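Reading through the structure tokens given below for one structure.
All of these numbers come straight from a predicted model, not from anything done at the bench.
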Amino acid sequence: MAKNSQAIQAIRGMHDVLPEQSPLWHYVENNIREVLSAYGYQEIRLPIVEKTALFKRAIGEVTDIVEKEMYTFEDRNGDSLTLRPEGTAGCLRACLEHGLLHNKVHRLWYLGPMFRHERPQKGRYRQFYQLGVETYGMAAADIDTEIITLATRLWKKLGIQDKLQLQLNSLGTTEERVLYREKLVEYFKNHQDELDEDSQRRLITNPLRVLDTKNPAMKNVVENAPSLMDYLGDDSRAHFQTLTDNLDNLGISYQINPRLVRGLDYYSKTVFEWVTDELGAQGTVCAGGRYDGLIEQLGGKNNYAIGFALGMERLLSLIELLTDVPIAASVDVYMIRVGEQAERQGLLFAEKIRDEYPNLKLQVNCNEGSFKSQFKKADKSGAKFAIIIGEDEVKNNQVAIKFLREIQPQKTLSYEEVIEFLQKQLK
């Protein structure tokens with residue numbers, strides 16, 4: 001039987017993260033964990049697969065995500081399951097299922113892959129990684145301020161604060177949006193010949209999304225549409241005013257964008273985005289807002305919630321534009337061993353070093369070879385130093401230290417001296 005010689009490749013829009021790319025991911029993920037921990041947020045780990053009904057109920061059946069983009073399948077029991085297209089619904093489902101929302105407040109975060117069947121392009125993939133930050137049980141605008149401040153601190157820590165602009169809006173309450181929706185539909189119907197095909201469909205299913213069009217030909221008709229701000233009640237206005245006053249007091253700059261809406265119906269009051277002009281069409285890096293109504297929609301008691309989602313691939317693309325990202329080398333020290341006794345002694349010494357210096361990244365050559373060939377591997381590893389053990393070093397209970405990244409004379413040290421030397425050099 002002839003073998004199929006065609007190589008199997010990754011699914012379109014689903015990418016591998018290769019070893020040389022992993023250090024940047026680790027750098028960003030570590031910074032994310034540090035900032036979230038500093039604000040008292042706890043990690044929650046959620047299933048990748050949920051019941052399809054969860055997303056239909058949370059996101060809405062007449063949305064692009066549910067109608068066109070979800071990866072849905074029937075399992076062996078006949079249940080309809082879906083690869084999660086976003087994280088908020090699953091996080092809230094977990095909190096309701098485990099009784100976390102009974103008279104308690106929570107600050108939670110998660111990080112992992114999401115799945116949407118979209119046309120792949122730069123910054124938009126079918127499997128994409130997302131950081132989600134969700135808070136529950138807090139009604140005041142102070143928590144809105146906190147999560148915006150938290151994200152701002154992350155941008156500063158990553159050195160990209162100058163590349164992002166914060167945009168704010170308020171969507172008011174459900175009742176306020178119903179009244180506004182009527183006025184908006186009336187306005188757009190009077191300008192129906194100026195709407196593109198996508199906007200004409202949205203006018204029926206989700207009129208607020210017409211304001212979010214990226215079609216430049218519709219710029220004028222959208223700019224002249226009624227503003228939701230004119231339909232907000234006193235409570236919504238006061239909430240938004242408190243938020244902007246807080247941000248002013250903290251020195252966080254923002255732009256009020258009355259056309260900013262979220263694609264999902266469960267949002268209310270505060271909505272926000274951080275956008276950039278550095279990444280072409282995919283300019284939104286982080287977005288979020290309040291979704292107080294979703295808890296009741298999923299069967300819980302009336303409560304308060306606000307959060308945001310951050311696209312990791314877009315964030316990484318933005319960071320890659322910087323020239324001074326402090327990525328740590330994957331190897332600090334490379335051990336070269338030549339000779340049977342040196343090979344045995346080297347393995348023992350490597351473990352002794354790891355016992356004494358657990359944070360050291362030490363790689364031992366395990367493929368034999370001459371001194372010359374092993375030095376090439378040591379240099380390619382990115383290590384700052386090479387520890388050399390040959391027959392002479394074994395006899396004298398010593399090792400040689402060679403500097404790989406600077407011009408310095410080679411050192412000969414006892415085993416005890418090596419630990420102290422490395423700690424001083426690599427602190």
Side-chain angles (χ1 to χ4, degrees), residues 31-46 54 58-59 84 86-112 114 130-155 157 166-174 235-236 238-240 242-247 249-250 252 254 260 262 264-274 285-312:
N31 277 282
I32 285 171
R33 286 185 170 90
E34 286 175 11
V35 170
L36 287 163
S37 177
Y39 282 78
Y41 284 65
Q42 296 178 295
E43 182 180 10
I44 183 169
R45 300 196 178 194
L46 304 163
L54 172 67
I59 298 171
R84 60 185 185 192
E86 56 92 52
T88 297
C91 187
L92 189 48
R93 187 271 311 150
C95 289
L96 291 170
E97 184 173 337
H98 299 286
L100 301 186
L101 302 185
H102 296 316
N103 301 316
K104 296 177 183 176
V105 299
H106 285 282
R107 292 170 165 89
L108 304 174
W109 68 273
Y110 49 85
L111 178 63
M114 309 291 165
Q130 202 171 72
L131 166 70
V133 175
E134 317 282 1
T135 70
Y136 303 112
M138 292 165 274
D142 285 357
I143 190 63
D144 306 35
T145 307
E146 179 180 279
I147 66 169
I148 289 174
T149 307
L150 179 157
T152 302
R153 184 172 294 275
L154 178 61
W155 312 147
K157 196 171 177 65
L166 172 61
Q167 296 188 352
L168 294 178
N169 193 19
S170 175
L171 297 182
T173 64
T174 302
D235 181 61
S236 295
H239 188 98
F240 192 66
T242 302
L243 172 60
T244 55
D245 287 347
N246 288 343
L247 295 178
N249 188 46
L250 290 165
I252 296 175
Y254 58 87
L260 175 61
R262 298 254 43 83
L264 307 177
D265 287 338
Y266 54 62
Y267 283 98
S268 60
K269 291 189 176 175
T270 305
V271 289
F272 54 88
E273 287 186 356
W274 275 274
V285 174
C286 177
R290 275 202 168 267
Y291 53 97
D292 299 342
L294 182 58
I295 297 175
E296 226 174 343
Q297 200 171 309
L298 291 182
K301 292 182 179 179
N302 184 41
N303 209 323
Y304 305 97
I306 183 170
F308 67 73
L310 185 164
M312 290 293 290

For this session: Grab the two heavy atoms, one from Ile295 and one from Ala305, that are nearest each other, plus how far apart they are.
Result: CD1-CB, 4.1 Å
Problem set entry | Trace of the side-chain contact (heavy atoms from CB on, under 4.5 Å) decision for Leu100 with Tyr136 | CA-CA 9 Å; Leu100 301 186; Tyr136 303 112; over 6 Å; no
Problem set entry | Shortest non-hydrogen contact between Leu96 and Gly300, atoms and distance | CD2-CA, 3.7 Å
Exercise. Around Tyr110, counting heavy atoms of other residues, nucleotides and ligands shown, do more than 12 lie under 6.0 Å from its OH?
Worked result: yes
Problem set entry | Full working for side-chain contact (heavy atoms from CB on, under 4.5 Å) between Tyr254 and Thr152 | CA-CA 11 Å; Tyr254 58 87; Thr152 302; over 6 Å; no
Exercise. Looking at side-chain heavy atoms only, is the closest gap between Ile147 and Tyr41 below 4.5 Å?
Worked result: yes
For this session: Please name the residue in the list Glu146, Gln42, Glu134 that meets the side chain to side chain donor-acceptor pair (under 3.5 Å) test with Arg107.
Result: Glu146
Exercise. side-chain contact (heavy atoms from CB on, under 4.5 Å) between Ser170 and Leu243: does it pass, once the steps are laid out?
Worked result: CA-CA 10 Å; Ser170 175; Leu243 172 60; over 6 Å; no
For this session: Rounded to the nearest 0.5 Å, what's the gap from CZ on Phe272 to CD1 on Ile306? Could you check?
Result: 5.0 Å
For this session: Look up atom CG in Asn303 and atom CE in Met138, then write down how far apart they are to the nearest 0.5 Å.
Result: 9.5 Å
For this session: Evaluate the side-chain proximity of Lys269 to Asp235: yes if any heavy-atom separation is below 4.5 Å, no if none is.
Result: yes
Seminar exercise, completed: So CG of Leu150 and CZ of Phe308: to nearest 0.5 Å the spacing works out to 5.5 Å
For this session: Find out whether Tyr39 and Thr149 are in side-chain contact, i.e. whether some heavy atom of one side chain is under 4.5 Å from a heavy atom of the other.
Result: yes
Problem set entry | Side-chain touch Leu154/Cys286, heavy atoms, less than 4.5 angstrom | no
For this session: Please name the pair of heavy atoms, one in Cys95 and one in Leu108, separated by the smallest distance, quoted to 0.1 Å.
Result: SG-CD1, 3.6 Å
For this session: May I ask you to decide if Ala139's main-chain N or O and Arg290's side chain share a donor-acceptor pair within less than 3.5 Å?
Result: yes
Seminar exercise, completed: Of Val105, Thr270, Ile148, Thr135, the one forming a side-chain contact (heavy atoms from CB on, under 4.5 Å) with Ile143 is Thr135
Problem set entry | Leu111 side chain reached by Met312 side chain, heavy atoms, under 4.5 Å | yes
Exercise. From Gln130 CD over to Thr88 OG1, what is the distance, rounded to the nearest 0.5 angstrom?
Worked result: 7.5 Å
Seminar exercise, completed: When rounded to the nearest 0.5 Å, the distance separating CD of Glu97 from CG of Leu298 is 12.0 Å
For this session: Heavy atoms only: give me the nearest Ala89-Ala58 pair and the separation to one decimal.
Result: CB-CB, 3.7 Å
Exercise. Do Cys91 and Leu46 have side chains that get closer than 4.5 Å, going by heavy atoms?
Worked result: yes
For this session: Apply the side chain to side chain donor-acceptor pair (under 3.5 Å) test between Thr145 and each candidate in Asn246, Asp245, Thr242; give the one that qualifies.
Result: Asn246
Problem set entry | Verdict with reasoning, His239 to Asp144, per side-chain contact (heavy atoms from CB on, under 4.5 Å) | CA-CA 10 Å; His239 188 98; Asp144 306 35; 2.9 Å; yes
Exercise. Between Leu260 and Leu168, is any pair of side-chain heavy atoms under 4.5 Å apart?
Worked result: no
For this session: Measure the spacing between CD1 of Ile252 and CZ of Arg153 and express it to the nearest 0.5 Å.
Result: 9.0 Å
